[in-house]
Number of protein chains: 2
Amino acid sequence: MNIGEIARRAGVSRSTVSYALSGKRTVSDETRRRIQAIIDELDYRPNAAARALKEGRTRTLGLVIPPASLRLTDMQLGFVASVVEAAARADLDVLLSPSGGDHDRSFERVVTGRRVDGVILMEIRLEDTRVTRLQQAGLPFVTIGHTAHPHGTCWVDVDYATLIARCVHHLADLGHRHIALINRSPELVAAGYGPAQRALAGFTEAVTQRGLTGVDLCCGDDAAAGESCLEQLLDERPEITAIATLNEAALPGIERALERARICVPRDLSIAGVAARHWAEGFRPALTAADVPTEMGTHAVELLLERIATPDAPPRHLLLTPPISLRASTGPVPAR
Amino acid sequence: MNIGEIARRAGVSRSTVSYALSGKRTVSDETRRRIQAIIDELDYRPNAAARALKEGRTRTLGLVIPPASLRLTDMQLGFVASVVEAAARADLDVLLSPSGGDHDRSFERVVTGRRVDGVILMEIRLEDTRVTRLQQAGLPFVTIGHTAHPHGTCWVDVDYATLIARCVHHLADLGHRHIALINRSPELVAAGYGPAQRALAGFTEAVTQRGLTGVDLCCGDDAAAGESCLEQLLDERPEITAIATLNEAALPGIERALERARICVPRDLSIAGVAARHWAEGFRPALTAADVPTEMGTHAVELLLERIATPDAPPRHLLLTPPISLRASTGPVPAR
DNA sequence: TTGTATGCGTTATCAC
DNA sequence: GTGATAACGCATACAA
């Protein structure tokens, strides 16, 4: 079914059908109705490829996700979901491209084949070849998280430094003097993963500023790692009375280790952090945490649409600092 | 950059460039090399829309996912990941379409706009209007899970009935006489959600066959629901010594409730189920469970590609029955 | 208010 | 072994 067939059946020219659909030219009520009736009857819809070829745009956004083999965290998943939802609201489709390594067929297809009008890149590294690739291809893009050279690009990120610092200040206000940071996995930290680096920076600064004793450790992104990490911490640093963390996937393990050690939160130990709301509320007791906003994807789509509309405008950034939701996992330092 | 420009620079016609790329006609080594050099230099790649228009296929698969607002379970997420990966291996892209209700713009775009060569539909209901819609549109599709009328369609599913029955038999072999089934959420069960229905059927049959006492209950798909569900179960049915479940998201809550009640698994209570390996291994002690295969997506893509190639072949089905991995959560019935 | 003609970038058919 | 050309389905400038 194509526009010519509709035109034939309605006894008009193809352009009239086209204009009746787009409304870019006035079409008499009578004609429009006749055309619409036939369109409804035959369930006609313009061929996307032909339209894309003619218009030079695909009405599709590319979303570059980490390789499928890696398990996505809840935060990442929430981000994908919100991107898809925001795109759908703007009547745009989303093309998925799993990409990690430098040489990736799917990524290259999306970038070079003009399959999308713009790209959202998630889980970028501080030095990311894909960013360079997109720049040289001249394809509009927005990154979630920022590289080491954030000035020329368009991005949206969570201000982990400030958020972790706020957690430290909150804990210090409650009288805690010995605080631990449970960071992301050693691999990520070593690879120069932005959130992990910036969280550490914020932690160090706040600890120094308040004259506290701080200890930071890396912890794999899963429950088992959280459990052993906390066991080790309790064993080696018994003076610690509070924990700050951005490792949501480790939370169930942390909870398990605490329960096993008969440590009562927040009576014996306080915990605060940055996590998707789902994880914070699933923790027992509910975790005092900055809820990573689910609208990250919405913002990314907004920025990308702006960038597509005006590619030469100076790139905009969005550094989100959601408020810390006071729940039940933080309390005054225990009297010794 | 387009094929004409390449042709101009190479001093050949567009068709020669096209054939040099596709290999559908012999091109002299000399010419081919010259063309390839220019293609490499300019980083040319065929325009996807033009190719789709000409060839009548898009080299893209549609993946219809539950609405983004609903949290995807780990099993669902693993499925999305494996679909994307399998498609990438076949040099195909994946277009995401969030759809739940009957009237969905994104779904309609994908179906009617010829944006994809075929569709994978996940989380279908026993009666699903989208299936009808795809059938009348004549678009090849594969469902993950099957409807009430599975004969005419192509699908891949997990045999929940058999798997839950096997769990029951395993528990009965260990001497358990009073077994509970913790099913999916009341809403899903009420809506006629296939896996929930079939799990119950398999449970009932196995329980009857072995002359056991069975009790089945619904449980929301999250930790909190699992916790309260188990508390209620322990309270009202103290005779229960074993549990079978397919509700992986409830597992952390179940674990918490057991710990709180000082019930030791598997000494006091045995648990077996169907879950993504990630959940089974995260449980303490590790859960004896049928690991839902991550290759579900791979199979779905294979079936879909077959269907696209030969749309008139009789539809194929795939009912997977992965083996139950014996871990640490099941043991002999406690002596009273 | 409507119709005609053109071109988007490919691939494929036909001619040489 | 290669080149000219038509066609895919649409949107739009131009003509009436």
Side-chain angles (χ1 to χ4, degrees), chain A residues 1-36 38-39 42-60 91 93 109-117 137 139, chain B residues 1-36 38-39 42-60 91 93 109-117 137 139:
Chain A
M1 190 48 44
N2 60 36
I3 203 172
E5 179 66 15
I6 305 291
R8 200 183 59 72
R9 299 206 189 198
V12 296
S13 74
R14 294 184 324 211
S15 57
T16 302
V17 175
S18 179
Y19 285 118
L21 249 59
S22 70
K24 292 187 179 173
R25 181 162 101 171
T26 47
V27 173
S28 74
D29 268 11
E30 156 65 15
T31 316
R32 192 208 320 286
R33 255 193 295 276
R34 202 168 63 244
I35 291 173
Q36 192 58 52
I38 293 174
I39 284 178
L42 299 188
D43 194 26
Y44 163 78
R45 201 163 308 232
N47 178 306
R51 174 185 286 201
L53 179 58
K54 178 64 184 165
E55 291 192 326
R57 64 188 186 121
T58 59
R59 298 165 189 263
T60 305
D91 279 334
D93 290 314
R109 250 199 325 268
V110 165
V111 173
T112 321
R114 307 228 162 278
R115 288 183 78 29
V116 298
D117 297 333
L139 195 60
Chain B
M1 189 46 44
N2 60 37
I3 203 171
E5 179 66 14
I6 305 290
R8 199 184 59 73
R9 299 206 190 199
V12 296
S13 73
R14 291 179 316 192
S15 49
T16 302
V17 176
S18 179
Y19 283 119
L21 249 62
S22 70
K24 292 186 182 175
R25 181 163 102 173
T26 46
V27 173
S28 75
D29 267 12
E30 156 65 15
T31 318
R32 191 207 322 286
R33 255 193 295 275
R34 202 169 63 243
I35 291 172
Q36 192 57 53
I38 294 174
I39 285 179
L42 299 188
D43 193 27
Y44 162 78
R45 201 164 306 235
N47 179 305
R51 176 185 285 204
L53 179 57
K54 179 62 186 168
E55 292 193 326
R57 64 188 185 123
T58 59
R59 298 164 190 264
T60 305
D91 280 334
D93 290 314
R109 253 200 320 272
V110 165
V111 172
T112 320
R114 307 220 164 282
R115 288 184 76 30
V116 298
D117 297 335
L139 194 60

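Each chain gets a letter, A, B and so on, in the order the sequences are listed, and its residues count up from 1.
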Exercise for review: On DNA chain C, check which nucleotide each of A/Tyr19 and A/Arg14 is closest to and give me the residue with the more 5' one.
Suggested key: A/Tyr19

**Study point:** First of B/Arg25 and B/Glu55 reached from the 5' end of DNA chain C, by closest nucleotide
**Key:** B/Glu55

Check your understanding: Quick one: does B/Arg34's side chain have a donor or acceptor within less than 3.5 Å of a partner on B/Ala10's backbone?
Key -> yes

Check your understanding: Quick one: does A/Arg14's side chain have a donor or acceptor within less than 3.5 Å of a partner on A/Ile3's backbone?
Key -> no

If I take atom [atom1] in residue [X] and atom [atom2] in nucleotide [N], what distance separates them, rounded to the nearest angstrom?
X: B/Ile6; N: C/dT10; atom1: CD1; atom2: C1'; value: 13 Å
X: B/Asn47; N: C/dG7; atom1: CG; atom2: P; value: 18 Å
X: B/Asn2; N: C/dT10; atom1: CG; atom2: C1'; value: 10 Å
X: B/Arg57; N: C/dT10; atom1: CZ; atom2: C1'; value: 13 Å

Exercise for review: Could you check A/Val12 against A/Tyr19 for side-chain contact (heavy atoms from CB on, under 4.5 Å), going step by step and ending with a plain yes or no?
Suggested key: CA-CA 11 Å; A/Val12 296; A/Tyr19 285 118; over 6 Å; no

Practice item. Drop me the distance from B/Met1's CE to B/Ile39's CD1, to the nearest 0.5 angstrom. Key: 11.0 Å

Review point. Going through the checks in order, is the side-chain contact (heavy atoms from CB on, under 4.5 Å) test met by A/Arg51 and A/Arg59?
Key: CA-CA 10 Å; A/Arg51 174 185 286 201; A/Arg59 298 165 189 263; 3.4 Å; yes

Practice item. Five pairs at each end of the helix from C/dT1-D/dA16 to C/dC16-D/dG1: take the axis at both ends and give me the angle between them to 10°. Key: 40°

Just N and O in the side chain of [X]: are any of them under 4.0 Å from OP1 or OP2 of [N]?
X: B/Lys24; N: C/dA12; value: yes
X: A/Thr16; N: C/dT2; value: no
X: A/Thr26; N: C/dT1; value: yes

What contact category does [X] fall into here, base, sugar-phosphate, or nothing, at under 4.0 angstrom with non-hydrogen atoms?
X: B/Gly11; result: sugar-phosphate
X: A/Ser15; result: base
X: A/Thr31; result: sugar-phosphate

Revision key, fill the gap. Between B/Arg32 and B/Leu53, the residue closer to the 5' end of DNA chain D by nearest nucleotide is B/Arg32

Review point. Got more than 12 heavy atoms from elsewhere within 6.0 Å of CZ, B/Arg114?
Key: no

**Study point:** DNA chain D: 5'-most and 3'-most nucleotides touching chain A, 4.0 angstrom heavy-atom criterion
**Key:**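 Range of nucleotides touched by chain A: D/dG9 to D/dC14.
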
Check your understanding: Is the closest side-chain heavy-atom distance between B/Asp91 and A/Arg109 below 4.5 Å?
Key ->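 Counting from C-beta outward, B/Asp91 and A/Arg109 do come under 4.5 Å.
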
Exercise for review: Identify the heavy atoms of A/Thr112 and B/Asp43 that sit nearest to each other, and give their distance.
Suggested key: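 Closest approach of A/Thr112 to B/Asp43: CG2-O, 3.4 Å.
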
Practice item. Pick out which of A/Thr60, A/Asn47, A/Thr58 makes a side-chain hydrogen bond (donor to acceptor under 3.5 Å, both in side chains) with B/Arg115. Key: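 In the set A/Thr60, A/Asn47, A/Thr58, the residue that makes a side-chain hydrogen bond (donor to acceptor under 3.5 Å, both in side chains) with B/Arg115 is A/Thr60.
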
